[in-house]
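First the structure, in the form of structure tokens, and then the observations on it.
Please read these numbers as outputs of a predicted model, since none were measured by experiment. Residue numbering restarts at 1 for every chain, and letters A, B, ... go by the order of the sequence lines. Note that these values count all heavy atoms, side chains included, but never hydrogens, waters or copies made by symmetry.
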Amino acid sequence: MTSPETSLDDARYDFHMIEQRWQPVWADKQPFRSCDVDDERPTKYVLDMFPYPSGDLHMGHAEAYALGDVISRYWTLKGFNVLHPIGWDSFGLPAENAAIKRGVDPAGWTEANIAQQRTSMERYACSFDWDRVLMTHRPEYYRWNQWIFTRLFDRGLAYRKPSLVNWCPFDQTVLANEQVVAGLCERCDTPVTKKKLTQWYFKVTDYADELLDGLETLRETWPSKVIAMQRNWIGRSRGADVQFVIEGRKAPIPIYTTRPDTLFGATFMVVAVDSDLAAELLADTDEATKAEFAAYAEKVKGDTEIERLSTERPKTGVFLSRYAINPVNGERLPIWASDYVLADYGHGAIMAVPAHDQRDLDFARAMGLPVRTVLDCRDDDGNPLPDPVESGVATVGDGTLINSGSINGLDKADAITAIVAELEKAGTASASVNYRLRDWLISRQRYWGTPIPIVHCDACGEVPVPDDQLPVTLPPTAGLDLKPKGQSPLAAATDWVNTTCPTCGGAALRDTDTMDTFVDSSWYFLRFLSPHKSDGPFDVDEAKKWAPIDQYVGGVTHAILHLLYARFFTKALRDMGMIDFGEPFTALLNQGMVQMDGSAMSKSRGNLVSLAAQLDEFGVDAIRLTMSFAGPPEDDIDWADVSPAGSAKFLARAWRLARDVTSEPGVDPAEGDRDLRAVTHRTLSEAFELVESFRFNVVVARVMELVNATRKAIDTGVGAADPAVREAAEVVATLLSLFAPYCAEDMWSMLGHEDLVALSGLPEVDDALLVQDSVTCVVQVMGKVRDRLEVSPNATEDELRDLALASPTVQRAMGGAPVRTVIVRPPGLVNVVVNT
RNA sequence: GCCCCCGUAGCCCAACUGGCAGAGGCAGCCGACUUAAAAUCGGCACAGUGCGGGUUCAAAUCCCGCCGGGGGCACCA
């Protein structure tokens, strides 16, 4: 007699025990290594965005890695050699700030966090290839940032220029345009100001057209939202450059406009107050104007981005006492300087057409400048729109040209074509394209980043550090003050800064800035292909084998920044001949965020859910399953709305199926119950398509149905010994291995298998089992359901029509009215339409 | 201001892309098992798809207009 404690029948699902059972097995077998050179399986590269090591993993990581793992494990099951690597984006401000706050070494802090995250990832059963780990703060990684930098420098894609830059007064560092969110520093929410500095840039704008047009090729496989955001960000606009002669200046100056059709409506010109052009025009004007301008320029400089971006901000400016000549009619236009014109867009100067541009109208009204209407604009009913002078609202839409000389009577499109052609002939205009996108400012005045590999030599200028002197390693923090102070902490490392010029051997100084950490993440996906390579950033042949990435998984927070930069790097590396593709991420999945009670989790809100506590309470599998089952992957999950306890309950229910199966491994399923087999095979066949379209929540629901059907078969149907029950339990284990790897392995092993279910492959779908004996055909009369018929799935249209019309309930519903038409959609639907 | 996405049972979500509104789950209720509870098993109930029009034999699905929620861009000429 068996005691209740040891009886298999009474064995209980104990996730703690199961986790402890499988962790050492996986650690030993390393089932997800992908570097076996003899592996002949086709390849898939699945990549989760690598984490920043700012602490232990949190709920957001748990969602991202759960979903990425479903995809990765699916392709492994499907028979692919899947590359699913992980690393750490380990340079950046948080480590440095922690170092400043607690006096610890940023490297030590970073490595400790990485160790903790790695342990958590292993517990979380992430199917990573642990032989390919990379960390961007290690010299063996950032060396290749420097190497790539020098290549970009050689090609003119990395350059230094003085410019007004975004400046965070709190972090005391410059920020890329992309890191300024609504006028605030992305990191610390301090209002951003402008500062004139000489900084390093990557010439992203060289690829503006390709970055935009390349989005077309991603239309099917990237979220349309991300494509729209990138398109918006690049902001291509087509228009014309028009040359305006300036009185008292030799060369004319170009302005950019998208509306050359409104040239006759120009009544003044505006130059950006902070542009070189304004300064130049000012030089030849009177002292009073100079003084007024100087005061204005000073005031503008002190304004924060927030103030500058405010829409209610009244228009301000200074008349420069200079005049431009309108090329279409020879009119004298006063030239003003204002901050509403941007120095770094177009040519830093505009023609102002107040009647048909709201900003120009606001300015004209503030300064008492004339307004001339040159478009006859109508509303939807054909009534003329109110005069901008009276209404204060510029008419910015299409319209028929008036008061416009040669182009009178034309519509917008024709007028643009005509006037540009006319001016082109005269040599005073040309078609032109502009972008909202700016070059990428990569200099950072901080310690914890990649040193810029440039030596400044009085004799030779900017000299890139030669390959054999890379990496330029960070000096030790000892003796350095890492606190932000507007200058890089590296400048204080005198021994490090003072060097010799690689070209002439004379005394020279190292560049003391470090690179934006987005440089690190712009090519890390290539480093994963050969992470230990010591004579190049990545192996070209490995790149041919694996890249580009088949499936990228990560948060939508990186929709612009990281993805745009990575695309730029990919195109630049392609043009260097190192890779043969231009888009790094063939497909992209954006997972949503995990929230709590309707808002993002944060310590300050007091709604932080601890991942570790959740894992302790419900188990890894239940948390992973909850992440997959909560809804579509791209939707946010509110943790208050989902039930990890329910997930755990379901896993226990599934696990008990394996426990209850009494047949031996290898029994022929064909001898099993056909009805259960039909459910099993339908589940299987649907699951493939559902996983591939990322409908993980539906897959889980289907597996739940299969579990329910199998339970029923065991308890009240064919019984636990039926081969179909074993088949069903095995399919449950296989499919669950995508979501709940511990439970799945334990089931697989209970079912008598020696191998790992994660590597066992997907069973074949038996199409014969998908065919149903009969289907329910719904019969409608005038769209209302009146009867249901059990029919053969092969019934023809004629048969169905006759059957439907013969039905007594249908005839009653028709009430004797003559049939107009009968819509038949075999085998499921007949709709009888009658004359009424 | 411009552009985009989403509104289906109390809650999270399905619905072959125009064809029976309901797959799965949570919460709820009832029953079985139990001395009792937990666990387990079985069952039940709940919306006519945000609102108003339109197209169609047929609309959650397509079109138009509102309402509500979310997101992106925004002095880019």
Side-chain angles (χ1 to χ4, degrees), chain A residues 10 12-13 182 223-233 235-237 239 255-260 262 266 270 272 308-311 313 315 338-342 344-353 356-360 362-363 396 434-438 556 559-560 592 598 625-626 629-632 634-647 649-650 652-653 656 686 689-690 695 697-708 711-712 714-716 776-788 820-825 828-834:
Chain A
D10 285 348
R12 296 276 297 272
Y13 174 74
S224 50
K225 183 178 163 184
V226 173
I227 291 182
M229 285 166 74
Q230 293 232 342
R231 176 169 291 132
N232 246 338
W233 188 262
R236 179 163 63 196
S237 111
I255 62 94
Y256 173 73
T257 177
T258 54
R259 294 299 300 268
T262 63
V270 187
R308 218 180 61 75
L309 290 176
S310 166
T311 39
R313 193 169 197 231
K315 291 281 183 286
S338 174
D339 63 352
Y340 88 90
V341 172
L342 307 175
D344 55 356
Y345 185 79
H347 304 285
I350 61 156
M351 67 167 190
V353 184
H356 308 296
D357 181 286
Q358 190 59 46
R359 297 151 302 183
D360 295 347
D362 294 341
F363 191 82
V396 298
N434 266 282
Y435 305 90
R436 213 193 70 97
L437 182 73
R438 305 293 199 274
V556 74
I560 297 174
L625 186 75
T626 302
F629 185 53
E634 56 275 10
D635 286 8
D636 291 343
I637 298 173
D638 195 320
W639 203 249
D641 288 338
V642 296
S643 172
S647 297
K649 208 169 107 181
F650 163 71
R653 188 170 154 85
R656 286 195 303 270
E686 278 184 42
E689 196 187 316
L690 289 169
R695 288 186 289 168
N697 55 326
V698 186
V699 181
V700 174
R702 293 287 175 269
V703 176
M704 286 173 170
E705 287 178 75
L706 178 56
V707 168
N708 290 344
R711 183 80 259 160
K712 206 168 210 164
I714 293 173
D715 288 351
T716 58
T776 305
C777 178
V778 172
V779 185
Q780 302 175 335
V781 177
M782 299 301 284
K784 284 210 170 79
V785 179
R786 297 298 184 185
D787 200 5
R788 287 157 207 279
R820 177 138 54 103
T821 179
V822 181
I823 312 282
V824 186
R825 292 283 177 274
L829 184 119
V830 177
N831 187 14
V832 180
V833 185
V834 295

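The side-chain heavy atoms of S643(A) and T626(A), taken from C-beta on, include no pair separated by under 4.5 Å. Using a 4.5 Å heavy-atom threshold, the side chains of F629(A) and V642(A) count as separate. V556(A) is listed as a side-chain neighbour of K225(A), based on a closest heavy-atom distance under 4.5 Å.
Across all strands shown, C73(B) forms a Watson-Crick or G-U wobble pair, both distances under 3.5 Å, with G1(B). Across all strands shown, nothing is found opposite U56(B) as a Watson-Crick or G-U wobble partner with both distances under 3.5 Å. The partner of U61(B) is absent, by the rule that a Watson-Crick or G-U pair needs both atom distances under 3.5 Å. Nucleotide G7(B) forms a Watson-Crick or G-U wobble pair with C67(B), both donor-acceptor distances falling under 3.5 Å. Using N1 to N3 plus N6-O4 or O6-N4 for Watson-Crick, or N1-O2 and O6-N3 for G-U wobble, each under 3.5 Å, U40(B) pairs with A32(B). In a base pair of the Watson-Crick type (N1 to N3 plus N6-O4 or O6-N4) or a G-U wobble (N1-O2 and O6-N3), with each distance short of 3.5 Å, A21(B) is matched with no nucleotide.
Between G10(B) and U55(B), the distance separating the two C1' atoms is 35 Å to the nearest Å. Taking atom P in both A59(B) and C73(B), one finds a spacing of 40 Å when rounded to whole Å. Nucleotides A32(B) and C51(B) are separated by 42 Å at their P atoms, to the nearest Å. Atom P of A23(B) sits at a distance of 23 Å from the matching atom of G28(B), rounded to the whole Å. For the C1' atoms, the distance from A58(B) to U17(B) is 15 Å, rounded to whole Å. Taking the C1' atom of each, C63(B) and G69(B) are spaced 23 Å apart, rounded to whole Å. Nucleotides A37(B) and G50(B) place their C1' atoms 45 Å apart, quoted to the nearest Å. Taking the C1' atom of each, G7(B) and C44(B) are spaced 29 Å apart, rounded to whole Å.
In this structure, G7(B) shows a glycosidic angle more than 90 degrees from zero, which is the anti conformation. U61(B) takes the anti form, because its glycosidic angle lies more than 90° either side of 0.
Summarising the geometry, the separation between CZ on F629(A) and P on A14(B) is reported as 10 Å, rounded to the nearest angstrom. We find that CE of M704(A) is positioned 17 Å from P of C12(B), with the value rounded to whole Å. Whole-Å rounding puts the L625(A) CG to G24(B) C1' distance at 11 Å. Whole-Å rounding puts the I637(A) CD1 to C11(B) P distance at 19 Å. Separating the CG atom of D715(A) from the P atom of G42(B) is a distance of 6 Å, rounded to the nearest angstrom. One atom, CZ of R695(A), and another, P of G25(B), lie 19 Å apart when rounded to the nearest Å. Rounded to whole Å, the distance from NZ on K784(A) to P on G19(B) is 19 Å.
A distance-only check finds a donor-acceptor pair linking the side chain of Q230(A) to the backbone of A559(A) [under 3.5 Å]. One N or O on the side chain of D638(A) and one on the backbone of G598(A) form a donor-acceptor pair closer than 3.5 Å. Using a distance-only test at 3.5 Å, with no hydrogens or angles considered, no donor-acceptor pair links the side chain of R656(A) to the main chain of R711(A).
In the model, N831(A) has no side-chain atom that pairs as donor or acceptor with a side-chain atom of R825(A) under 3.5 Å.
Contact annotation: K649(A) does not reach the phosphate of C41(B) (side-chain N/O to OP1 or OP2, under 4.0 Å). For the OP1/OP2 pair of C4(B) and a distance below 4.0 Å, the side-chain nitrogens and oxygens of S224(A) include no atom meeting the criterion. Between G25(B) and N708(A), a contact under 4.0 Å exists linking OP1 or OP2 to a side-chain N or O. Proximity of R711(A) to the phosphate of G42(B): no side-chain N or O atom is located under 4.0 Å from OP1 or OP2. At the phosphate of A14(B), OP1 or OP2 sits under 4.0 Å from a side-chain N or O atom of N697(A).
Counting only heavy atoms from C-beta on, R656(A) has its side chain closest to U40(B) among A14(B), U40(B), C75(B). Of the listed nucleotides (C12(B), G24(B), A77(B)), C12(B) has the atom at the smallest distance from the side chain of V642(A). With G43(B), C75(B), C26(B) as the candidates, the nucleotide lying closest to the side chain of K712(A) is G43(B). For P632(A), taking side-chain heavy atoms from C-beta onward, the closest of the listed nucleotides A77(B), C13(B), C73(B) is C13(B). The nucleotide whose nearest atom lies closest to any side-chain atom of A701(A) is, among C12(B), A77(B), G24(B), G24(B). Side chain of E705(A), nearest nucleotide from A15(B), G24(B), G72(B): G24(B). The side chain of I560(A) lies closest to C73(B), out of C73(B), C12(B), A39(B). Set against G24(B), C75(B), G72(B), the side chain of M229(A) has G72(B) as its closest nucleotide. Taking only side-chain atoms of R653(A), from C-beta outward, the nucleotide of C75(B), C11(B), G42(B) with the closest atom is G42(B).
Contacts of V341(A) with the nucleic acid, taken as non-hydrogen atoms under 4.0 Å apart, include base atoms. Heavy atoms of F650(A) sit nowhere under 4.0 angstrom from any nucleic acid atom. Contact annotation for A630(A): backbone-only contact, meaning every heavy-atom pair under 4.0 Å involves sugar-phosphate atoms and none involves a base.
Under the side-chain hydrogen bond (donor to acceptor under 3.5 Å, both in side chains) criterion, T257(A) pairs with no residue at all, not counting sequence neighbours. By the side-chain hydrogen bond (donor to acceptor under 3.5 Å, both in side chains) test, T262(A) pairs with no residue at all, sequence neighbours left out.
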Can you pull every protein N or O that's under 3.5 Å from an N or O on nucleotides 55-62 of chain B?
residue, atom, partner, partner atom, Å
C57(B), O2', N831(A), ND2, 3.3
C57(B), O2, N831(A), ND2, 2.4

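Ring geometry for Y256(A) against Y345(A) counts as perpendicular: the plane angle is over 60°, on a 0 to 90° scale with 30° as the lower cut.
A cation-pi arrangement is absent between K315(A) and F363(A), since the terminal nitrogen or guanidinium carbon is not both under 6.0 Å from the aromatic centre and inside a 45° cone about the axis.
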